[in-house]
Amino acid sequence: MREFFSFFLKWRFFIFFLLLEFFSIFLSFSNSKLHQYIYTGSSNFMIGKIYEAIYKLRSYFLLEVENQKLLNENKELRNAQIFYKIKKISKDFKKEDIQYLQQYTFTPVQIINNSIHEQENYITINKGSIDGIKPDMGIILSNGIAGIIIKTSPHFSVAISLLNPKIKVNARLKKNRYFGTLSWDGLDHEYVVLYDIPRHSTIRKGDVVETDGKSATFPEGIPIGSVDSYKFDEEHANYIIKVKLMANFSTIENAYVVKNLFKKEWNEIQLYKVENK
């Protein structure tokens with residue numbers, strides 16, 4: 001028995017080669033269903049894998065196309081909304097004389113870089129000056145606001161994120177329209193803080209917080225988040241409200257850059273007010 005094992009170990013590769021040869025000859029000359037099954041099954045497997053790869057590749061590119069199509073459709077819907085337009089009424093008012101001036105336009109963009117764990121977070125988007133993007137334009141999401149553009153190159157732009165203590169946003173409670181200043185306290189990327197809400201305001205957990213339209217950056221009425229908790233600041237005699245953001249900043253990908261067509265005029269009139277106080 002020991003000699004048999006010694007012989008097998010010595011000639012194992014040659015024996016294995018002979019077995020493969022016999023098996024190959026068997027498949028070549030056999031007309032059995034086994035041969036057809038092996039051949040057909042292998043072919044179907046390979047073709048199936050090829051089709052699967054093509055399908056996944058096609059789905060990936062179609063998904064990108066569909067996402068871009070959806071963004072463009074949403075842009076057109078936003079541009080068409082009367083909510084983002086200014087009423088222009090003739091001197092002798094008649095209902096049918098009401099006209100609207102377009103105040104905001106929306107450019108769909110992709111967020112290609114975004115930090116949330118720094119003390120000062122920033123966002124990079126895939127469009128720049130050749131797309132009409134300029135500093136001080138706002139970035140909004142489908143469910144909130146993201147930041148404000150601070151620097152552009154021809155093809156890219158950087159924005160200061162809402163998750164940055166340097167950014168201050170005018171915001172209000174939707175139900176009673178009391179407004180204050182919204183900013184990030186640097187603690188949690190899911191929450192921001194709304195300051196300066198007066199003491200006579202009625203507040204409930206879950207109340208919606210939105211933009212108030214008192215700046216030239218963001219349109220009025222964009223939802224930001226909801227009241228999570230609040231406390232009264234005795235020193236300043238107003239409420240400090242912790243706001244749970246609607247947007248998950250760890251997963252944001254698509255956004256819109258907001259262009260206020262009357263921003264220059266707005267800034268000029270605000271400057272005049274300051275100079276003539």
Side-chain angles (χ1 to χ4, degrees), residues 71 74-75 77-79 81 83-84 103-109 111 114-123 125 136-150 159-198 201-231 233 238-260 263 266:
L71 284 172
N74 287 338
K75 178 194 74 171
L77 287 173
R78 287 184 181 273
N79 288 340
Q81 283 182 350
F83 185 75
Y84 297 124
Q103 183 175 5
Y104 297 99
T105 60
F106 302 87
T107 302
V109 297
I111 295 172
N114 172 42
S115 62
I116 61 172
H117 297 299
E118 306 295 332
Q119 282 299 305
E120 296 180 358
N121 294 291
Y122 295 88
I123 294 170
I125 62 173
D136 295 328
M137 288 183 175
I139 301 178
I140 67 172
L141 308 166
S142 60
N143 56 351
I145 61 176
I148 299 174
I149 301 293
I150 56 173
I160 185 170
S161 171
L162 183 62
L163 303 180
N164 190 318
K166 291 182 177 179
I167 190 174
K168 310 293 181 184
V169 177
N170 294 321
R172 71 187 180 197
L173 294 168
K174 181 178 181 179
K175 70 175 184 180
N176 56 29
R177 303 174 80 85
Y178 285 117
F179 62 88
T181 302
L182 190 86
S183 65
W184 188 51
D185 58 6
L187 299 178
D188 191 323
H189 70 273
E190 295 183 348
Y191 298 89
V192 290
V193 181
L194 179 60
Y195 299 93
D196 305 327
I197 299 299
S201 174
T202 302
I203 307 170
R204 295 286 183 272
K205 184 174 181 179
D207 287 349
V208 174
V209 175
E210 63 181 15
T211 56
D212 68 358
K214 288 182 170 59
S215 75
T217 304
F218 296 106
E220 178 184 2
I222 298 177
I224 300 172
S226 60
V227 174
D228 181 77
S229 62
Y230 56 93
K231 64 181 180 180
D233 182 1
N238 53 38
Y239 284 103
I240 299 175
I241 302 174
K242 185 177 181 181
V243 179
K244 177 73 162 62
L245 292 171
M246 292 184 179
N248 183 352
F249 271 69
S250 64
T251 60
I252 55 175
E253 294 181 351
N254 299 311
Y256 299 90
V257 172
V258 183
K259 181 179 182 180
N260 185 345
K263 188 177 182 68
W266 174 284

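- The shortest heavy-atom contact between F179 and K214 is CE2-CE, 3.7 Å.
- In this structure, N164 contributes its side chain and N121 its backbone to a donor-acceptor pair below 3.5 Å.
- The shortest distance between side-chain heavy atoms of N170 and L182 does not fall below 4.5 Å.
- The side-chain contact (heavy atoms from CB on, under 4.5 Å) with V243 is formed by just one residue from the set D228, V193, V209; it is V209.
- I140 is listed as a side-chain neighbour of F106, based on a closest heavy-atom distance under 4.5 Å.
- Nearest heavy-atom pair, N254 versus L141, reported as atom, atom and distance to 0.1 Å: O-CD2, 3.7 Å.
- A donor-acceptor pair under 3.5 Å links the side-chain atoms of S115 to the main chain of Y122, judged by distance alone.
- Here the CZ-CG distance, from R204 to L173, works out to 11.5 Å after rounding to the nearest 0.5 Å.
- For the atom pair Y104 OH and T217 OG1, the distance stands at 8.5 Å (nearest 0.5 Å).
- D212 approaches E220 most closely through the heavy-atom pair O-CG, 3.8 Å.
- Under the 3.5 Å distance criterion, the side-chain polar atoms of T211 are matched with a main-chain donor or acceptor of P219.
- Atoms CZ and CD1, on R172 and I197 in that order, are 11.0 Å from each other to the nearest 0.5 Å.
- Distance check, rounded to the nearest 0.5 Å: CD1 of I139 to CZ of F218 gives 8.0 Å.
- Counting all heavy atoms, side chain and backbone alike, N114 lies closest to F249 at ND2-O, 2.7 Å.
- The backbone N or O of K168 sits nowhere less than 3.5 Å from a side-chain atom of T181 that would complete a donor-acceptor pair.
- Here the straight-line distance linking atom CD1 of I224 with atom CG of N143 works out to 11.5 Å at 0.5 Å rounding.
- Proximity of a side-chain donor or acceptor of D207 to a complementary backbone N or O of V227 within less than 3.5 Å is not detected.
- Under the 3.5 Å distance criterion, with hydrogens and angles disregarded, no donor-acceptor pair is assigned to the side chains of T202 and N176.
- Atom NZ of K166 sits in a sparse spot, with 12 or fewer heavy atoms from other residues, nucleotides or ligands closer than 6.0 Å.
- In terms of the side chain to side chain contact (heavy atoms under 4.5 Å, CB included) criterion, residue partners of D233 (sequence neighbours excluded) are, by chain and number, E235, H236, N238, I240.
- The line from OG of S161 to CD of E120 is 11.0 Å long, rounded to the nearest 0.5 Å.
- Of the possible polar contacts, none joining the S183 side chain to the I167 backbone as a donor-acceptor pair under 3.5 Å is found.
- A pairwise comparison of heavy atoms in M246 and G225 identifies CG-CA, 3.7 Å as the closest pair.
- Between W184 and Q119, the shortest heavy-atom distance links the atoms CZ3-O, 3.5 Å.
- More than 12 heavy atoms of other shown residues, nucleotides or ligands fall within 6.0 angstrom of atom OH in Y239.
- Few gaps surround NZ on K175; more than 12 heavy atoms of other groups in view lie less than 6.0 Å from it.
- By the neighbour-count criterion of 12 heavy atoms within 6.0 Å, atom NZ of K259 is sparsely surrounded, having that number or fewer from other residues, nucleotides or ligands.
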